[in-house]
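For this chain, numbers begin at 1 and follow the sequence in order.
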Amino acid sequence: MQRLYDFLRRHPTGVDSFWAVLLFGVGMLQVADDSFSSTTARLLAVPAVVAMGVVVALRRKWTLAMFWLAVGTGVYKLITHTDVNNADLAMLIILYTVAASADISRRMSRTAFAIGFLASPLYALRFAVDKGNLRDNFFFVLFAIVPFALAWVLGDSLRTRRAYYAQLVERNQRLENQREAQAKVAVAAERARIARELHDVVAHNVSVMVVQADGAAYVMDVAPEQAKEALQTISGTGRQALAEMRRLLGVLRTGEPQESEDYVPQPDVEQIEVLVEQVRTAGLAVDFEVEGTPRRLPSGVELTAYRIVQEALTNTRKHGGPDATASVRLVYFDDGLGLLVEDDGRGAAHELYEDGGADGAGHGLIGMRERIGMVGGTLDAGPRPGGGFRISALLPLKKR
């Protein structure tokens, strides 16, 4: 059944041709069985039956032309005094098609309705003149008008529904394009901000290397061991700076920092505790826990961890409600850092992170995923069972 429906949708002209042949056959059978009419009358009826079949077969391809062909056929039948035939059903079909077609103007559609509305009275008048009885055909006229009115009303309703559906599709596509554009803008802005922050991290590492190199040169002769330690620090800091620079090159930057900006170290994991205290001072109860042995991590990883916690706590304050509480858990693994930020607030995913981020720019989850993608980590964010929201992230020490 579904295959038949799909075939009919793909081949509307073929379907119309089938019904046209069927209508032509029924009309010709009626002409052949009409024993009350003369041979001349039956011969005059044949062109009308053929014309009505053509109207049905080509009604979708040349709608307006087929409508005027049907009108001309009706006039022909009035002039030749041809009786009603089953093939005249094509008049209702073409009137419905004109009313339903979006390519036909409303004015033309109403004109077609007026012509169809007059078809029955004109035929009844001609029939009454032939029979010499006009009064007995009054109810016939009323009854015959109803199918034409129904055909036009059904077609016009279908046209209205199609137009409404097309507007919905267009609006949905426009909104989808707008969402994609906004997401791209948010990603580009977040990448630019991350690039600037990583640029500061690299600049800070280079500054440390310069200071250590100066110190090593100063104590090279008098304290070789201290010079050796300084050189080791320079080596480690240089490798870390190179790693950060590789990540930086993968980021599309949309703007350069101002010349007046100072290159200062960005927040790290140790400052998460300070951030938690600031949030507590602002009125949000936060539990803070650290598992494992704290140690220095790559600057990009530490910066990402700090920003994720900042983003999560900021959104809890904004959307969690007055009685919300939160918890922050850091877990040091051998090969990475785990983050778990949870709250029991009333915010949902679309309210928390589509609405605003820690920087006020919105698209919080987009920013988090971009940051974690920079260091090769993973992010899992979503509502908690029983209410609230949970963010779980794993930041590896080496990018995957």
Side-chain angles (χ1 to χ4, degrees), residues 1-27 47-78 84-123 142-182:
M1 192 65 180
Q2 183 64 33
R3 291 182 179 178
L4 177 61
Y5 177 74
D6 293 338
F7 174 81
L8 296 179
R9 289 190 61 185
R10 290 194 301 268
H11 304 86
T13 304
V15 175
D16 289 340
S17 299
F18 169 78
W19 289 113
V21 172
L22 182 62
L23 196 65
F24 172 77
V26 173
V49 174
V50 173
M52 290 304 179
V54 173
V55 166
V56 174
L58 302 177
R59 67 186 182 94
R60 298 179 196 265
K61 190 173 183 179
W62 296 311
T63 303
L64 199 56
M66 292 302 102
F67 171 74
W68 290 119
L69 177 60
V71 172
T73 304
V75 174
Y76 168 82
K77 295 188 69 171
L78 288 176
V84 176
N85 188 280
N86 291 328
D88 294 340
L89 180 64
M91 294 184 178
L92 300 179
I93 296 175
I94 190 60
L95 181 60
Y96 165 83
T97 305
V98 170
S101 177
D103 298 330
I104 306 298
S105 65
R106 286 283 186 179
R107 182 177 180 180
M108 185 61 217
S109 177
R110 296 189 181 97
T111 301
F113 172 69
I115 294 174
F117 190 85
L118 293 175
S120 294
L122 289 175
Y123 186 84
L142 292 180
F143 177 78
I145 285 175
V146 172
F148 287 91
L150 288 178
W152 186 86
V153 169
L154 289 175
D156 190 70
S157 299
L158 179 61
R159 173 179 180 160
T160 302
R161 287 196 299 271
R162 285 175 176 172
Y164 178 71
Y165 178 75
Q167 290 178 356
L168 290 180
V169 171
E170 181 182 0
R171 181 184 177 187
N172 182 67
Q173 185 63 41
R174 186 170 61 253
L175 292 175
E176 186 68 23
N177 293 338
Q178 290 177 356
R179 282 194 294 268
E180 291 179 0
Q182 291 174 357

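Put simply, the side chain of V55 does not reach to within 4.5 Å of the side chain of I93, judged on heavy atoms. Counting heavy atoms from C-beta on, the side chains of T63 and D103 never come closer than 4.5 Å. Counting only heavy atoms from C-beta outward, the side chains of I115 and W68 approach each other to under 4.5 Å.
Residue L92 comes nearest to A151 through the heavy atom pair O-CB, 3.6 Å, listed as atom of the first residue, atom of the second, then distance. D88 and M52 make their closest contact through OD1-CE, 4.1 Å (heavy atoms, listed as atom of the first residue, atom of the second, distance). Residues S109 and V98 come closest through the heavy atom pair CA-CG1, 4.2 Å. Here the closest non-hydrogen pair linking F24 and V50 is CE1-CG2, 3.5 Å. Across every non-hydrogen atom of I145 and F117, the tightest pair is CG2-CE1, 3.3 Å. Between I94 and M66, the shortest heavy-atom distance links the atoms CD1-CB, 3.8 Å.
Atoms CG and CG, on D16 and L23 in that order, are 11.5 Å from each other to the nearest 0.5 Å. Interatomic distance, OG1 of T111 versus CZ of F67, reported as 8.0 Å (0.5 Å rounding). The OG1 atom of T97 sits 3.5 Å away from atom CZ of R59, with the distance rounded to the nearest 0.5 Å. Here the CG atom belonging to L158 is positioned 10.0 Å from the OG atom belonging to S101, to the nearest 0.5 angstrom. Considering CZ of R110 and OG of S105, their distance stands at 9.0 Å, rounded to 0.5 Å. Interatomic distance, R159 CZ to L154 CG, rounded to the nearest 0.5 Å: 15.0 Å.
Checking side-chain atoms of W152 against main-chain N and O of G116 turns up no donor-acceptor pair under 3.5 Å. Checking side-chain atoms of N86 against main-chain N and O of G27 turns up no donor-acceptor pair under 3.5 Å.
Atom CZ of R171 has 12 or fewer heavy atoms from other residues, nucleotides or ligands within 6.0 Å. Heavy atoms of other residues, nucleotides or ligands lying less than 6.0 angstrom from CD of Q178 number more than 12.
Checking N177 against Q173 by side-chain atom types alone, a donor-acceptor pair falls below 3.5 Å.
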